[in-house]
S.K.: 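Attaching a single structure in structure tokens format; questions to follow.
Side chains included, hydrogens not; waters and symmetry mates left out as well; all remaining heavy atoms used. So that the names make sense, note that chain A is the first sequence line, chain B the second, and so on, each numbered from 1.
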Amino acid sequence: MFAVVMLAGIYGLVCASFFVAMDAVDVAFTEASIGAGISTLLMLTTVAMTGRTDHEATHKPLMAFVAVIVTGGLLIYGTFDMPYFGSADAPVHQHVGPHYIYDSIQEIGVPNMVTSVLASYRGFDTFGEVTVIFTAGIGVLALLSVARRPEDDAVMEAINDSMHEKHLILRIVIKTMIPFIVLYAFYVQFHGDYGPGGGFQAGVIFAAGIILYAMLFGLGAARRVITQPVVQMLSALGVLVYGSVGLVSMLNGGSFLDYNVLAADPIAGQHLGILLIELGVGLTVASVMIIIFYSFVGRSQFQKANKGELL
Amino acid sequence: MIIAATLAVLVVMILAIIRAVVGPSLYDRILAVNMFGTKTVLLIALLGFVMGRPEFLDIAMVYALINFVSVIGVLRLSDAFNAKHNGPVAEPAKRDS
Amino acid sequence: MDTVLTLLSSFCLLFGSFLCLSGGVGILRFPDFYTRMHAVGVTDTLAAAMILIGLMLQNPDLLVIIKLMMILLMTLFISPAASHALGQAAVLNKLQPLINMNINPLEEDTSAGDKSSKS
Amino acid sequence: MRYKINLSIVLALFWLLNSGHYTYLILALGAVSIAIVVFITHRMDVVDHESQSINLSLTAPKFGIWLAKEIVVANLTVIKHIWLGNKSISPTVITVKASQKTDVGKVIYANSITLTPGTVALGLVGNEIMVHALIRENIEALESGDMDRRVSQLENS
């Protein structure tokens, strides 16, 4: 099982390199942080919760393999109907693509086209995505959150102390790294207009910083730094910020999420709108990631505590 | 030259994957994945130059960070798995002189 | 001046590629986990440094050079910590190192192979 | 407090060097971000003498250059042995003493050992570092204590 998860992590890395090769920087960025980093970790925690060895397979692996081959073959056959890669008369290049590419600088005033498409032209879709993430956070909370007892915390404290002593090198290196990781998250957040980056990636990097801290100093310590109620509130706040930007633009006489009316000058309005909604996205993503991590790890520690085999 | 370096890094990545698949121990795999990650950082930096878009470097930097986080995470969790077998630190072999 | 820079950068890149490839061969060729760590160490330190320096010499843009330097510093800062953590975990879980195999061939049978932690 | 100010300065440099966009808006956002980061790290309690091992002293650059030279030499040795094959290596595990007084010093020493290929620090307990070496010559170089002395110098000055 472990090996499978590791290979999935490698797959994430390969994917991201592939996106880089295809010039899709922002996608690669997201894949790098989410696909290769966080999801590997979460899968591992899941494996830790459910047990490392799988049960005896009850179905025939050969059948599954054949099914996969057939489906894959059909899908590849399906691609024959698609226009050739990079062909100029593909439907993608006929529809709104040229408009986004050629006019976004004048209309939005943001050098990074992906950001303007994501946050402005497709603002509604992104709002939906943020809500999905928020819902996922709520779902995880509903399924996995456990009532914490104070004595558990005390036991965990003891373990974490031993972690410190055992990992002197890691402790010092990580202590030095954490401020830079967190600041880098903010940097990615606010430079989404100019280069690859934006709320999604920033949120994940921020969460990665916190997760790093939690892994070394223990979940209890991380929960004291950023408490559960605060994260829950922040995740809701993110969606709220996003939504309110839309509402304010409606109040100012535009349609929902039409940033042109946010300021006197349409470009400035777009700029402000994108900044704000990216902030909302970042808040939600970061806090939901942290919530998921807290719940997963808290749950597995809870299970272990119940079995009396805490490390 | 950059292309040559890119190819070299790609080859090394394939070698690392082979090691990750072959194993044999869990730590070999983690080592291979870690190496794969650091090579991806290089690859992205190189690709940025091949494409003439040096802002790729931001991604390379995030990679370096995320790679570190996941390796530490994997180790932490595998530590938890193997906790049962945990004993005193293995005796270092004496230098035979 | 330009030709000197180009030459230098080509040299750095080629040397870095060679080091990288050697490390890759090493990770396949060496007999056990601990020795493989050294091969990875090669690709993490000098190979990465050479390739990144080669790239630095190619680009006149100060911002890019600074970013490359940051990546380099970060690699040099992170990689020993990661290797150490990995090695320590392996030791704690009693993965036996292969020791002195060329000096005392009799020991080879007893200490060869990875005894613990099948994945 | 001194550490927090130091940290803020370093973070500000980090931001400025990375950013490349020096408009008022971005600079203001940067300042706010740094404030938040310092606040979070304060709550995490990670800002102290241990986390600021970099600005140790003026001898640090000298040590860096020496270490770089060592790394190059060690790399070439390891490469040679990779191509010579398994017959030429003699993996060994020993423990060496670290004579540094502080934790930071020991960590720098252990990391320097790991950074030079051919030797990897496997464990750091008390002031003993367990080292795995690829070939015997590496061990001898370590046992001569050159690196240990230099790291101690770094710590004292």
S.K.: Which answer fits Leu29(D), side chain, backbone, both or neither, if we ask what part of it has an atom under 4.5 Å from a heavy atom of chain A?
M.R.: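 Backbone plus side chain of Leu29(D), per the 4.5 Å heavy-atom cut-off to chain A.
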S.K.: For the residue pair Val37(D) and Pro179(A), what are the closest heavy atoms and their distance?
M.R.: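 Here Val37(D) and Pro179(A) meet closest at CG1-O, 3.6 Å.
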S.K.: Distance-only, no hydrogens or angles: does the Thr284(A) side chain make a donor-acceptor pair with backbone N or O of Val239(A) under 3.5 Å?
M.R.: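 Indeed, once roles are kept as given, a pair shorter than 3.5 Å links the two residues.
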S.K.: Non-hydrogen atoms of chain D under 4.5 Å away: do they reach the side chain of Tyr213(A), the backbone, both or neither?
M.R.: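 For Tyr213(A), the contact with chain D is made by the side chain alone.
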S.K.: Between Ile40(D) and chain A, which part of the residue has a heavy atom less than 4.5 Å away: side chain, backbone, both or neither?
M.R.: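 Both parts, backbone and side chain.
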S.K.: Have a look at Val78(D) and tell me which of Thr119(D), Leu134(D), Ile135(D) forms a side-chain contact (heavy atoms from CB on, under 4.5 Å) with it.
M.R.: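 The residue from Thr119(D), Leu134(D), Ile135(D) that satisfies side-chain contact (heavy atoms from CB on, under 4.5 Å) with Val78(D) turns out to be Leu134(D).
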S.K.: Taking Phe190(A)'s backbone N and O only, do any of them form a donor-acceptor pair with Glu278(A)'s side chain (distance below 3.5 Å, no angle check)?
M.R.: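 Between the backbone of Phe190(A) and the side chain of Glu278(A) there is no qualifying donor-acceptor contact (under 3.5 Å).
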S.K.: Does any backbone or side-chain atom of Ile174(A) lie under 4.5 Å from a heavy atom of chain D? Answer side chain, backbone, both or neither.
M.R.: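 The answer is neither part of Ile174(A).
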